[in-house]
Amino acid sequence: MKKNPEQLAVRIKILHTNGNEVAYLYSRDSFDLLRIPKNQNGMQFLEIGNTFVYEDKKYVIKNINFRMQPDFLEATNESYGINLYSPDSNPDGFDQNCQIGVFVEEV
């Protein structure tokens with residue numbers, strides 16, 4: 001069954017500003033696991049200047065970008081990148097057509 005490319009299917013790719021990959025996020029639960037602070041309304045945001053903790057390291061967000069593909073990138077067992085918080089390292093069948101790049105530095 002062909003997917004509708006008009007529907008957004010996104011992953012979050014966290015990269016150090018030096019180019020090293022930090023993590024890939026595929027689920028909402030990752031926000032809680034990264035200890036992203038909640039605002040006064042109980043919502044969590046990835047914003048420039050915000051901090052989070054990953055593998056006992058604290059990071060500050062320096063930049064964010066959003067990339068859209070004209071079609072879906074197919075997720076396979078050979079797909080590059082991992083989500084350490086997901087039961088599957090790269091959720092089978094999670095094809096994506098966009099990616100949020102979050103560029104960080106260690107605090």
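All values below come from the heavy atoms of this structure, side chains included, with hydrogens, waters and symmetry mates left out. In this chain, numbering begins with 1 at the start of the sequence shown.
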The side-chain hydrogen bond (donor to acceptor under 3.5 Å, both in side chains) partner of E105 among T17, N63, N18 is T17
Distance col, row Q99:CD vs K13:NZ, nearest 0.5 angstrom, shows 5.0 Å
Residues at least two apart in sequence or cross-chain that pass side-chain contact (heavy atoms from CB on, under 4.5 Å) with I100, listed by chain then number, are V10, I12, I64, F66, V102
Inset, instruction - Indicate the ring-plane relationship of Y54 and Y59, choosing parallel, tilted or perpendicular according to the 30° and 60° boundaries. - result: tilted
Taken in chain and number order and not counting sequence neighbours, the residues that satisfy side-chain contact (heavy atoms from CB on, under 4.5 Å) with D56 are R35
If you define the side chain from C-beta out and look only at heavy atoms, does anything of V104 sit under 4.5 Å from I14? yes
Taken in chain and number order and not counting sequence neighbours, the residues that satisfy side-chain hydrogen bond (donor to acceptor under 3.5 Å, both in side chains) with N65 are none
* **Contact check, side chains of V60 and I48, non-hydrogen atoms, under 4.5 Å** => no
Which atom pairs, one a donor and one an acceptor, fall under 3.5 Å between side chains of residues 39-46 and the rest of the protein, sequence neighbours left out?
| from | atom 1 | to | atom 2 | distance (Å) |
| --- | --- | --- | --- | --- |
| N39 | OD1 | N41 | N | 2.8 |
| N39 | OD1 | G42 | N | 3.1 |
| N39 | OD1 | M43 | N | 3.0 |
| Q44 | OE1 | R28 | NH1 | 3.1 |
| Q44 | OE1 | R28 | NH2 | 3.0 |
| Q44 | NE2 | D32 | OD1 | 3.2 |
| Q44 | NE2 | I36 | O | 2.8 |

The ring pair (Phe, Tyr, Trp, His ring centres under 6.0 Å) partners of F103 (sequence neighbours excluded) come to none
Here the gap from K58 atom NZ to E106 atom CD, rounded to the nearest 0.5 Å, amounts to 11.5 Å
Shortest non-hydrogen pair, L15 vs E21, comes out as CD2-CG, 3.4 Å
Contact between L34 and L25 at the side-chain level, heavy atoms closer than 4.5 Å - yes or no?
yes
The side-chain hydrogen bond (donor to acceptor under 3.5 Å, both in side chains) partners of T51 (sequence neighbours excluded) come to none
